[in-house]
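Here the structure comes first, spelled out in structure tokens, and everything after it is commentary.
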Amino acid sequence: MKWLKKYIAIFIMLSVFPVIWVIGKMFVLDASTEIYAYIPQESDIVIEINNPNFIEEFAYQRIFNESYVLEKISIEEAAVEDFKTGVDYFSKIVLFREQWANEDIWIAIVGYTNQDHFRQYMSRRMKDAHIQFGEKHAIVQLNKSMNQEQLDEHLKAIANKEIKPFTARVDLRSYFHKDKEINCYFIPPSSNTSNQLIDGFLNLDFHQDHIDIQGEFTPVSGFDQHAPIAYSIDENAAFSLRSSLNIFNSIFWFSSERIENLPAHDQMALDYDGVKVFLVDKNWGYEFPFKTFPELEMRIDFNKQEKWSAFLDTLQSHQKIRLDTTTKILTTRQGAFFQYDLAGDRFEMSYKGTNFEPSENQNIYFDFQMKIKPLLDNTKFAVDDDNPPPVEFQMIGMSIAEEMLDELYVFDNIEQIRFQMIKESENKVAANGKVIMSNKEGQSVIEGMYFITEAMFFIKDF
């Protein structure tokens, strides 16, 4: 990842001498909060990255743990022009999401020192970069839009502070702490009328080989009558999720197309252990020359079967899924196959049936774990025996598929993610979690920055 090495090399250059670390320790952590004035009021997710904290730790590690840093990051490939980024590295970075014009748009606010250098730097890393400049901060669009002309005007209005700020709605200074490396604030979309949470925040605190996650959410009135999770998490699954909260208004069922307006439900249980992907002939009848068999078990409990029946019928009528009521096979438009069942008070979708154990805990309302390496290790590619593509395509297709999978392994520097939401009172749901790093001898700031940077570029491409 040459671009990443060059990006992080800038931090290395800032941390050559101990005096930089001392300056960071004494002054850098007091970065201004004026950046909050650019966040639009209608944002539903706000993420703050305290860049000065990362610089301080990079500097410390460069001085006192030099061999680890040089092993992790190669700086020899960084050209002189790559240091002319125009980025103000002692400023916070803020990411926010807006549901704007029926789209979810991610935007970054980044401090800058030189507009020309910043624009040139971003154009080398983002195709068709859309950037507007405020007095000290650049407004950068991260993902594509179907309404780009109107969005360009919106970005300009944000840069000129013509839009009512998020701080008129929430005083972020009360929730965002400068000693935490990452702070997040959430306001669930109003379109999800069944959601049991009003708003909440999370703080991420980076330690040696792990990251602690803490926060709290405000539930709706009468939340004490709501049931906790009914099924215990599967500790052996690569991905396991349990929720009795209606926080998922839309999901991706192994399709690049999001399934909107998920009906209200009482319980959601999902285990996932990878996927088998088979290359097929392009004339097989699906959008991509693959058919996939996700090793998944999902159960959704509800009390209104008619809504779920209508929901599935609508998906089928719009040709987003295909239901074979005889074989009980559900197929997505892009070729993912599942067994399914809709009966009584539950909907199930699986690879070979479901097996969920009951939970005895009466306070957990959301439980989640993910082990990244097993998830990637269990993702397999092969050529379909029944309907193979032409021989010349088989080699190309398999090569591309394996390359894409190899690129995802950049995320396996994180060993496991665990997160829970627990009711502490009628008016408070506590959030606790931990991100465990694979490298026990490394440092979570360096490992985490690597992960975050990769994730940001995945969001942009997605």
Side-chain angles (χ1 to χ4, degrees), residues 191-194 229-231 234 237 239-244 246-358 378-389:
S191 58
N192 186 1
T193 57
S194 302
I229 58 173
Y231 309 102
D234 185 349
F239 180 105
S240 188
L241 180 147
R242 305 289 184 266
S243 175
S244 63
N246 273 276
I247 57 178
F248 299 107
N249 189 39
S250 59
I251 59 175
F252 291 89
W253 283 354
F254 293 85
S255 165
S256 61
E257 187 175 12
R258 186 167 63 179
I259 304 299
E260 300 276 9
N261 301 318
L262 198 68
H265 52 273
D266 300 320
Q267 299 283 338
M268 176 181 287
L270 187 152
D271 293 330
Y272 174 57
D273 274 302
V275 59
K276 293 181 173 64
V277 183
F278 296 91
L279 272 70
V280 297
D281 188 87
K282 65 180 181 179
N283 298 317
W284 190 60
Y286 289 86
E287 294 182 358
F288 299 104
F290 303 102
K291 61 180 181 182
T292 60
F293 296 88
E295 295 189 17
L296 172 142
E297 298 179 24
M298 185 176 78
R299 175 180 293 172
I300 297 177
D301 296 345
F302 44 78
N303 55 26
K304 293 184 178 179
Q305 187 194 39
E306 64 276 8
K307 287 193 174 183
W308 276 85
S309 296
F311 173 66
L312 294 175
D313 288 344
T314 299
L315 293 181
Q316 185 165 222
S317 66
H318 291 167
Q319 298 183 342
K320 293 185 177 182
I321 63 172
R322 182 185 302 165
L323 299 175
D324 188 325
T325 56
T326 302
T327 61
K328 292 290 185 178
I329 297 295
L330 181 152
T331 313
T332 70
R333 184 157 62 187
Q334 295 178 346
F337 289 77
F338 305 91
Q339 294 181 5
Y340 85 96
D341 188 31
L342 176 64
D345 58 357
R346 68 180 47 161
F347 169 71
E348 293 187 340
M349 197 165 69
S350 67
Y351 180 58
K352 291 182 179 178
T354 61
N355 181 28
F356 296 108
E357 298 292 333
N378 293 333
T379 299
K380 306 295 185 182
F381 290 91
V383 175
D384 185 60
D385 292 331
D386 297 329
N387 192 13

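As the structure is a computational prediction, the values presented were derived from the model and not from experiment.
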Practice task
Identify which one of Ile321, Thr332, Ile329 satisfies the side chain to side chain contact (heavy atoms under 4.5 Å, CB included) criterion when paired with Phe338.
Solution key: Thr332
Problem - Atom pair CG (Leu323) and CG (Leu342), whose distance is rounded to the nearest 0.5 Å - result: 9.0 Å
Practice task
Taking atom NZ of Lys307 as the centre, report whether more than 12 heavy atoms of other residues, nucleotides or ligands fall under 6.0 Å from it.
Solution key: no
Fill in the blank from the handout: To the nearest 0.5 Å, atom OH of Tyr272 lies from atom CE of Met298 at 13.5 Å
Handout entry: Side-chain donor or acceptor of Ser317 paired with backbone N/O of Thr314 under 3.5 Å
Key = yes
Fill in the blank from the handout: Tightest non-hydrogen contact, residues Phe347 and Phe302, listed as N-CE2, 3.4 Å
Exercise for the section: Evaluate the side chain to side chain contact (heavy atoms under 4.5 Å, CB included) criterion for residues Phe311 and Leu262: first the C-alpha distance (whole Å), next the side-chain angles of each, then the deciding distance (0.1 Å), finally the verdict. Expected result: CA-CA 8 Å; Phe311 173 66; Leu262 198 68; 3.8 Å; yes
Completion exercise
Between the CG atom in Asn378 and the CD atom in Glu295, the distance rounded to the nearest 0.5 Å is 6.5 Å
Problem - By ring-ring contact (aromatic ring centres under 6.0 Å, His included) - contacts of Tyr231 (at least two apart) - result: Phe356
Fill in the blank from the handout: When rounded to the nearest 0.5 Å, the distance separating CE of Met268 from CD1 of Ile229 is 13.5 Å
Handout entry: Heavy-atom closest pair, residues Pro389 and Val280
Key = CB-O, 3.6 Å
Handout entry: From CA spacing to verdict: side chain to side chain contact (heavy atoms under 4.5 Å, CB included), Phe239, Leu270
Key = CA-CA 8 Å; Phe239 180 105; Leu270 187 152; 3.5 Å; yes
Exercise for the section: Hey, could you give me the CD/OG1 distance between Gln316 and Thr325, rounded to the nearest 0.5 Å? Expected result: 8.5 Å
Problem - Partner set under side chain to side chain contact (heavy atoms under 4.5 Å, CB included) for Asn355, not counting sequence neighbours - result: Glu297, Glu357
Problem - Phe290 side chain reached by Leu279 side chain, heavy atoms, under 4.5 Å - result: yes
Practice task
Answer yes or no: is there a donor N or O on one side and an acceptor on the other, between the side chain of Asp345 and the main chain of Gln305, under 3.5 Å?
Solution key: no
Handout entry: Rounded distance [0.5 Å steps], CD1 in Ile300 versus CH2 in Trp308
Key = 3.5 Å
Problem - Donor-acceptor pair, side chain of Glu348 and main chain of Thr354, under 3.5 angstrom - result: no
Problem - Heavy-atom neighbours of Glu306 CD exceed 12 at 6.0 Å - result: yes
Exercise for the section: Using a strict 4.0 Å threshold on nitrogen-to-oxygen distance, state whether Lys304 and Asp266 make a salt bridge. Expected result: no
Handout entry: Backbone of Leu330 reached by a side-chain donor or acceptor of Arg322 within 3.5 Å
Key = no
Practice task
Decide yes or no for Leu296 and Tyr351: does some side-chain heavy atom of the first lie under 4.5 Å from some side-chain heavy atom of the second?
Solution key: no
Problem - Which atom of Asp271 lies closest to which atom of Ser240, heavy atoms considered - result: OD1-OG, 2.6 Å
Handout entry: Arg346: which of His265, Gln267, Arg299 passes side chain to side chain contact (heavy atoms under 4.5 Å, CB included)
Key = Arg299
